[in-house]
Amino acid sequence: MVTTFKAGLIQTNVSNEMAENVTFVREQARLARAAGADFVMTPENTGLIGANRAETLAKAQIEESHAMLAACRAAARETGAWFLLGSIHVRVPGEEQIRNRSYLIDASGDVTASYDKIHMFDVQLAGGESYRESSTFRPGEKSVLAETPWGVLGMTICYDLRFPYLYRDLAHAGATMLAIPSSFTVPTGQAHWHALMRARAIETGCFVFAPAQVGIHKGSNRKTYGHSVAVAPWGEVLADAGGEKAGFVIADIDLGKVAEARRMVPSLTHDRSYQPPVSHKAVVARAAE
């Protein structure tokens, strides 16, 4: 198995109109491939970012005829690169909620794996900015590992980032690379983005790939943080697309660095079982008896 390759991370500023987003992704994919990318990746919500819940639900498409999925499959066939379609909104017949689903596509344009986002971004930020993904999306129920020509990829999406046990489980199961396509808010991005991405890489000894949305999104007025990054297992940021504009960055990947990092700090072999803590409420209740 070849363990070196070039990763191309496309940073997008999608609108609420899928056709123009398809055009941009196809163009950037060609450019990234021309720059040497063997594995091209896009962010969460690559298809579109809706103006509101009603529009997001209305514009979700079924998997079999999804315009962005079809475009990325065609781009893979055209360029000969592997693709990670970070996520699109998928309508499942018979379900009220939709899925936030990521796809791994091989160089022939075939879908080899898919993953539904497990953790829902239900938060209230300072300044009145709030999100309730669980009102629109049905959470996934299983973690996913996928084979690539270079190594094993653990597939996740955005808010999953804040649940480190998921990444440790993926690493224990064989992942040497982790995908975290994202649409991070600006306040959380400024505070946490680089720290968390580097932490997930360091904790697992994996490469982390996090293509991201950036800027103010036409049709929804949502603002995202950008800074698509590739992070090495020792925590070095190999590429950063910045927080100003859409485009792509290329990172040189050597999966030999995974074994090197895990050899120096073999924490994945040091897990121990332990008795979980007793909740403070339970202690107080017992003391009051």
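The residues of the chain are indexed from 1 along the displayed sequence.
- Tyr159 and Phe163 have perpendicular rings, their planes meeting at more than 60° on a 0 to 90° scale where under 30° would count as parallel.
- His217 has its side chain out of reach of Lys223: every pair of non-hydrogen atoms, C-beta onward, lies at least 4.5 Å apart.
- Between Tyr167 and Ile180, the closest side-chain pair of non-hydrogen atoms falls below 4.5 Å.
- Of the possible polar contacts, none joining the Asp116 side chain to the Arg99 backbone as a donor-acceptor pair under 3.5 Å is found.
- Thr23 places a side-chain N or O within donor-acceptor distance of the main-chain N or O of Ala19, the cut-off being under 3.5 Å.
- Across all non-hydrogen atoms, the minimal contact from Leu170 to Ser143 is CD2-CB, 4.1 Å.
- Note on Lys59 versus Glu17: salt bridge recorded, some NZ/NE/NH1/NH2 to OD/OE distance being below 4.0 Å.
- Looking at Glu95 and Arg138, a side-chain N of the basic residue comes within less than 4.0 Å of a carboxylate O on the acidic one, giving a salt bridge.
- For the pair His89 and Phe137, the minimum side-chain heavy-atom distance is below 4.5 Å.
- Val249 and Ser228 get closest at one heavy-atom pair: CG2-O, 4.4 Å.
- Inter-residue side-chain proximity for Ser130 and Val123 is flagged as unmet; no heavy-atom pair is nearer than 4.5 Å.
- Shortest non-hydrogen contact noted between Ala251 and Ala239 is CB-CB, 4.0 Å.
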Report task. Please report the C-alpha distance between Tyr131 and Gln124 in whole Å, then the side-chain angles of each, then the deciding distance to 0.1 Å, and finally whether the side chain to side chain donor-acceptor pair (under 3.5 Å) criterion is met. Result -> CA-CA 7 Å; Tyr131 299 88; Gln124 179 70 52; over 6 Å; no
